[in-house]
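These notes concern the structure reproduced below.
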Protein chains: 2
Amino acid sequence: MPRAGLDPAAVTLAAAGLADEVGLANVTMGALAERLGVRAPSLYKHIDSQADLNRRIALLVAEELGDQLRSALQGRSGRDALAAAAHTMRNYIIEHPGRYAATVRLAVTGPDDPLAIAGGRVLESLAAVLIGYDIDPADTVHALRLLRSLFHGFATIQAAGGFEMDTDVDESFNWIVDFIDRGLTTKPTYGRLT
Amino acid sequence: MPRAGLDPAAVTLAAAGLADEVGLANVTMGALAERLGVRAPSLYKHIDSQADLNRRIALLVAEELGDQLRSALQGRSGRDALAAAAHTMRNYIIEHPGRYAATVRLAVTGPDDPLAIAGGRVLESLAAVLIGYDIDPADTVHALRLLRSLFHGFATIQAAGGFEMDTDVDESFNWIVDFIDRGLTTKPTYGRLT
DNA sequence: AGCTAAAAGCTAATGGCGTTAGCCAAGCCT
DNA sequence: AGGCTTGGCTAACGCCATTAGCTTTTAGCT
């Protein structure tokens with residue numbers, strides 16, 4: 001029995017890949033072990049539990065998404081940056097639906113949780129998009145939540161096949177990006193109406 | 001052994017309630033059976049499988065949400081209708097996070113699938129909101145997808161505790177509703193840019 | 001009212017999965 | 001070389017979904 005040279009990162013990466021292929025729910029310890037040329041119990045030498053594995057996948061996603069967003073936003077601002085961020089997030093989720101699913105329903109344990117930190121970096125990138133649209137600082141949080149909710153919702157619905165196919169989803173996505181851009185641009189003309 | 005007087009609807013309702021309390025993932029056949037005063041295998045006299053149960057819960061959600069939306073939208077239009085729809089969906093998801101989770105990752109089998117029909121009625125209600133904002137019919141699908149993605153994304157993130165608590169979530173939600181209302185109102189001034 | 005047959009419950013059993021315990025080999029550190 | 005840590009293995013347990021096959025209730029028919 002030669003050694004397989006595994007470590008937590010390798011196991012996490014393999015699990016993420018498997019999740020993208022067969023869906024997160026089908027990432028069983030047995031299937032993952034088989035893919036790594038190992039028996040299931042051996043995995044516990046590298047991860048604590050399946051919940052721990054999910055957590056690590058989510059962390060991986062936050063890091064990957066954060067990196068891609070930072071790259072895509074280099075030198076862009078305003079509408080350009082918005083479109084780049086939107087497409088980056090959407091492409092990532094479409095290419096990696098399985099691992100992305102690991103980020104849903106996940107509670108951070110505390111402020112020094114690596115997951116909270118990596119997640120914060122993703123949010124920073126989205127916040128950078130907003131800098132290009134001069135927005136009242138008091139409203140930045142709201143706009144950020146708008147972007148996050150919208151991207152997350154759109155991508156998860158599409159990943160689940162929730163849109164009817166009659167009308168092109170890409171077209172809708174571009175329309176939505178336009179819509180948001182227009183709203184953020186013409187925004188300053190208001191003041192707490194509710 | 002007296003009979004428990006169960007039927008598929010009662011089982012589905014109990015499962016939905018249990019899901020809201022302990023999370024959909026913890027709705028085990030054993031736990032559900034116990035709540036109904038019955039042994040686990042007896043449930044199979046009413047439902048085909050756990051997948052079938054999930055499907056039935058999702059159908060229940062579509063019906064409940066559809067009903068609530070139709071009620072809330074009675075006699076409202078424009079911004080009023082938008083706000084009513086938004087709050088109705090959000091309140092429902094926050095009150096029933098467990099059963100709502102059953103609607104995610106779910107493929108409809110065909111156009112006569114009851115789930116497709118009930119889901120269609122929910123979308124009709126959202127479409128009714130848009131009537132108040134005269135929108136180019138060609139853009140209705142896009143606006144519909146915007147609303148759906150946004151509400152779904154916001155509610156699921158909040159249900160998962162994904163927002164930091166520093167700033168009030170209700171305030172953000174109202175800000176977002178305002179934002180969308182403004183965008184839909186001032187919309188007609190454009191023409192296919194992408 | 002009595003009979004029958006479907007429906008609804010039960011126990012027992014199977015197979016899969018996550019996880020733990022305990023054992024053995026591999027390979028680094030001196 | 002020799003020992004200790006590390007990473008692998010097998011065996012075993014418990015939980016869960018599901019199936020098989022039995023028994024009892026109950027509704028419907030005559």
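None of the values given here were measured: they were computed from a predicted structure. Computed over heavy atoms, backbone and side chain alike; hydrogens, waters and symmetry mates excluded. The chains referred to below are lettered A, B, ... by the order of the sequence lines, with proteins before strands, and numbering in each begins at 1.
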In whole angstrom, what separates [X]'s [atom1] from [N]'s [atom2]?
X: A:Glu34; N: C:dG18; atom1: CD; atom2: P; value: 13 Å
X: B:Tyr44; N: D:dA20; atom1: OH; atom2: P; value: 13 Å
X: B:Asn26; N: C:dG18; atom1: CG; atom2: C1'; value: 15 Å
X: B:Leu6; N: C:dC10; atom1: CG; atom2: C1'; value: 14 Å
X: B:Arg39; N: D:dT24; atom1: CZ; atom2: C1'; value: 16 Å
X: B:Leu32; N: D:dT18; atom1: CG; atom2: P; value: 12 Å
X: B:Asp48; N: C:dA8; atom1: CG; atom2: C1'; value: 15 Å
X: B:Leu36; N: C:dC10; atom1: CG; atom2: P; value: 11 Å

Main-chain N/O of A:His142 paired to A:Asp139 side chain as donor or acceptor, under 3.5 Å =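 Absent.
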
Please check if the side chain of B:Arg121 supplies one atom and the backbone of B:Ile117 the other of a donor-acceptor pair under 3.5 Å.
->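 Between the backbone of B:Ile117 and the side chain of B:Arg121 there is no qualifying donor-acceptor contact (under 3.5 Å).
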
Electrostatic pair A:Asp170:A:Arg90 at N-O distance under 4.0 angstrom =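 Salt bridge: yes.
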
So, for A:Leu130 and A:Ala143, which heavy atoms are closest and what is the spacing to 0.1 Å?
->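 For A:Leu130 versus A:Ala143, the nearest heavy atoms are CD1-CB, 3.7 Å.
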
Considering non-hydrogen atoms only, spot the tightest contact between B:Leu144 and B:Ala127 and give its length.
->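 Reported closest heavy-atom pair: CD1-N, 3.5 Å.
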
Between the protein and nucleotides 12-17 of chain C, list the N/O to N/O atom pairs that are separated by less than 3.5 angstrom.
none

Crowding at CZ, B:Arg35 (>12 non-hydrogen neighbours, <6.0 Å) =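 More than 12 within 6.0 Å, yes.
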
Check whether any side-chain nitrogen or oxygen of B:His46 sits under 4.0 Å from OP1 or OP2 of C:dG9, and answer yes or no.
->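 For B:His46, the contact criterion (side-chain N or O under 4.0 Å from OP1 or OP2 of C:dG9) is met.
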
May I ask you to verify if any side-chain N or O of A:Ser42 is less than 4.0 angstrom from the OP1 or OP2 atom of D:dG7?
->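 No, outside the criterion.
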
Are a donor atom and an acceptor atom from the side chains of A:Tyr100 and A:Asp20 found within less than 3.5 Å of each other?
->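 No, A:Asp20 and A:Tyr100 have no side-chain donor paired with an acceptor closer than 3.5 Å.
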
Do B:His96 and B:Tyr92 have ring centroids that are under 6.0 Å from one another?
->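 They qualify: ring centres under 6.0 Å apart.
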
What pairs meet the ring pair (Phe, Tyr, Trp, His ring centres under 6.0 Å) rule with one or both residues in residues 34-91 of chain A, with sequence neighbours excluded?
->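 Those involving residues 34-91 of chain A are A:His87-A:Phe173.
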
Return the 5'-most residue of the pair A:Lys45, A:Ala40 with respect to DNA chain C, ranking by each residue's nearest nucleotide.
->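 The 5'-side residue here is A:Ala40.
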
Give the angle between the helix axes at the two ends of the helix from C:dA1-D:dT30 to C:dT30-D:dA1, taking five base pairs at each end and rounding to 10°.
->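 Between the axes fitted at each end of the helix from C:dA1-D:dT30 to C:dT30-D:dA1 lies an angle of 10°.
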
